Amino acid sequence: MNLILLGPPGAGKGTQAETLSAKHGLVQLSTGAMLRAAVKAGTEVGLKAKSIMEKGGLVSDDIVVRIIKDRIAEPDCQGGFILDGFPRTLPQAAALEKMLKSSKKKLDFVIELKVDDKALIERISGRFSCAKCGAGYHDTFKQTKVAGVCDSCGNKEFIRRADDNVETVQNRLLAYYKETSPLIGYYFAKGLLDSVDGMGAIDQVGGSIEKVLAKLD
Ligand code: ADP
Ligand code: AMP
């Protein structure tokens, strides 16, 4: 099964992808996480992406398409994957379609998470993650079970994203509405879109997604 989680920054794509990948044995492909790793490693891609990400803009289609194309071709992705944060523009969606076609793969679902802007800001402002395994948390909505200890790997160090600040969030939302939201119509027209209410609690949203996926059984 191959699917896309679509939605604005902070909608819960990464959180739901984490659960879905564990439950269904799918590989989570987050272009944001891949780009942050490239920035940290100081690669050529990282150097190009750094200042754009800090401002909340979109990295060029060429760069992200190349990253995803290489990653999807790897053996672990052959059993299915969840795209989290890609595609973000119509050209990226067209490139994805082309690469899937040439490797005889297809998309099974595009799931849109619908969340109000006010809730997005609240979610992004309290977001943090494990510095070792990347598991995601929230100050209010998803705390660690034991204070200061990662539920997944037991690590005690956490990080907050440099771009999770009020000024950058405005730019990221703008980029979403301008460049990414047209993908909702694009995938609706292809008969692939399912929209889910993303305003509920994390488990509730997960339940709604599972109902959509059950259509495949
Ligand atoms: P995205 O990947 O779409 O940018 P995340 O999955 O990182 O969003 O979620 C943003 C923040 O909101 C995280 O701190 C996460 O724990 C929290 N979160 C995710 N889903 C919900 C939800 N349904 N209700 C409340 N908080 C949520
Ligand atoms: P995310 O982790 O999905 O919130 O992405 C963080 C940042 O990485 C975004 O604000 C963009 O600057 C960049 N990015 C991630 N995915 C893409 C993409 N598919 N296209 C362009 N830029 C991206």
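Both counts, for ligands and for their atoms, begin at 1 and track the order of listing. Treat the numbers as computed from the prediction; the structure is a model and nothing was measured.
The shortest contact between atom 7 (C) of ligand 2 and any protein heavy atom is with Met53 CE, 3.9 Å. Nearest protein neighbour of atom 2 (O) of ligand 2, counting heavy atoms only, is Arg36 NH1, 2.9 Å. Counting protein heavy atoms only, atom 23 (N) of ligand 1 is closest to Gly200 O, 2.8 Å. The nearest protein atom to atom 7 (O) of ligand 1, hydrogens excluded, is given as Arg127 NH1, 2.7 Å; this is a heavy-atom distance. Counting only heavy atoms of the protein, atom 2 (O) of ligand 1 lies nearest to Gly14 N, 2.8 Å. Closest to atom 24 (N) of ligand 1 among all protein heavy atoms lies Arg123 NH2, 3.3 Å. In this structure, the protein non-hydrogen atom closest to atom 12 (O) of ligand 2 is Gly57 O, 2.5 Å. With respect to atom 13 (C) of ligand 1, the closest heavy atom belonging to the protein is Tyr137 O, 3.8 Å. At the shortest separation from atom 9 (C) of ligand 2 among protein heavy atoms lies Arg88 NH2, 3.9 Å. The single protein non-hydrogen atom nearest to atom 8 (O) of ligand 1 is Gly12 N, 3.2 Å, given as residue, atom name and distance. Counting protein heavy atoms only, atom 16 (N) of ligand 2 is closest to Thr31 OG1, 2.8 Å. With hydrogens left out, the protein atom closest to atom 22 (N) of ligand 2 is Val59 N, 3.1 Å, a heavy atom. From the protein, the heavy atom lying nearest to atom 20 (N) of ligand 1 is Ile202 CG1, 3.6 Å.
Under 4.0 Å from ligand 2, the heavy atoms of Gln92 that appear belong solely to its side chain. The part of Arg161 lying near ligand 2 is the side chain, judged by heavy-atom distances below 4.0 Å. Only side-chain heavy atoms of Leu35 come within less than 4.0 Å of ligand 2; its backbone N, CA, C and O stay farther off. With a 4.0 Å heavy-atom cut-off, ligand 2 is reached by the backbone of Leu58 and by its side chain too.
With atom 6 (O) of ligand 1 as the reference point, the heavy atom nearest to it among Leu5, Asp84, Thr15, Val115 is part of Thr15. If you check each of Gln16, Lys13, His138 against atom 17 (C) of ligand 1, the one with the closest non-hydrogen atom is His138.
Applying the 4.0 Å criterion to heavy atoms of Gly85 picks out, from ligand 2, the atoms 16 (N), 17 (C), 18 (C), 19 (N). Each of the atoms 25 (C), 26 (N) of ligand 1 lies under 4.0 Å from some heavy atom of Phe141.
Counted within 6.0 Å of CD on Glu74, heavy atoms from surrounding residues, nucleotides or ligands total more than 12; the atom is thus considered enclosed. Heavy-atom neighbours of Glu157 CD from other residues, nucleotides or ligands within 6.0 Å: at or below the threshold of 12.
A donor-acceptor pair is defined here as one N or O able to donate and one able to accept, closer than 3.5 Å; no such pair exists between the side chain of Gln204 and the backbone of Asp197. When atom types are taken as modelled, the side chain of Lys142 and the backbone of Gly136 share a donor-acceptor pair closer than 3.5 angstrom. Between the side chain of Arg161 and the main chain of Ser129, no donor-acceptor pair closer than 3.5 Å is present. When atom types are taken as modelled, the side chain of Thr89 and the backbone of Glu179 share no donor-acceptor pair closer than 3.5 angstrom. Looking only at distances, a side-chain donor or acceptor of Asn2 sits under 3.5 Å from a matching main-chain atom of Lys106.
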Test salt bridge (Lys or Arg N to Asp or Glu O under 4.0 Å) on Asp139 and Arg127 and set out the steps. CA-CA 7 Å; Asp139 291 328; Arg127 169 161 59 188; over 6 Å; no

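Between Phe128 and ligand 1, not a single N/O pair is under 3.5 Å apart. Considering backbone and side-chain N/O atoms, Ala11 comes within less than 3.5 Å of an N/O atom of ligand 1.
A donor-acceptor contact closer than 3.5 angstrom is absent between the side chains of Thr168 and Asn171. Side-chain contact of Ser21 with Gln28: a donor-acceptor pair under 3.5 Å is absent, judged by distance alone. Side-chain contact check for His24 and Glu210: at least one donor-acceptor pair (N or O, by modelled atom type) lies under 3.5 Å. Asp151 and Thr144 share no side-chain donor-acceptor pair at under 3.5 Å.
Ligand 1 lies nowhere less than 4.0 angstrom from a heavy atom belonging to Gly7. Residue contact annotation: Ala201 has a non-hydrogen atom under 4.0 Å from ligand 1.
Note that Lys178 lies outside the cation-pi zone of Tyr176, set by a 6.0 Å cut-off to the ring centre and a 45° limit from the axis.
Here Thr180 contributes atom OG1 and Glu112 contributes atom CD; the two are 11.5 Å apart, rounded to the nearest 0.5 Å.
In summary, Asp164 and Arg123 do not engage in a salt bridge, as defined by a charged side-chain N under 4.0 Å from a carboxylate O.
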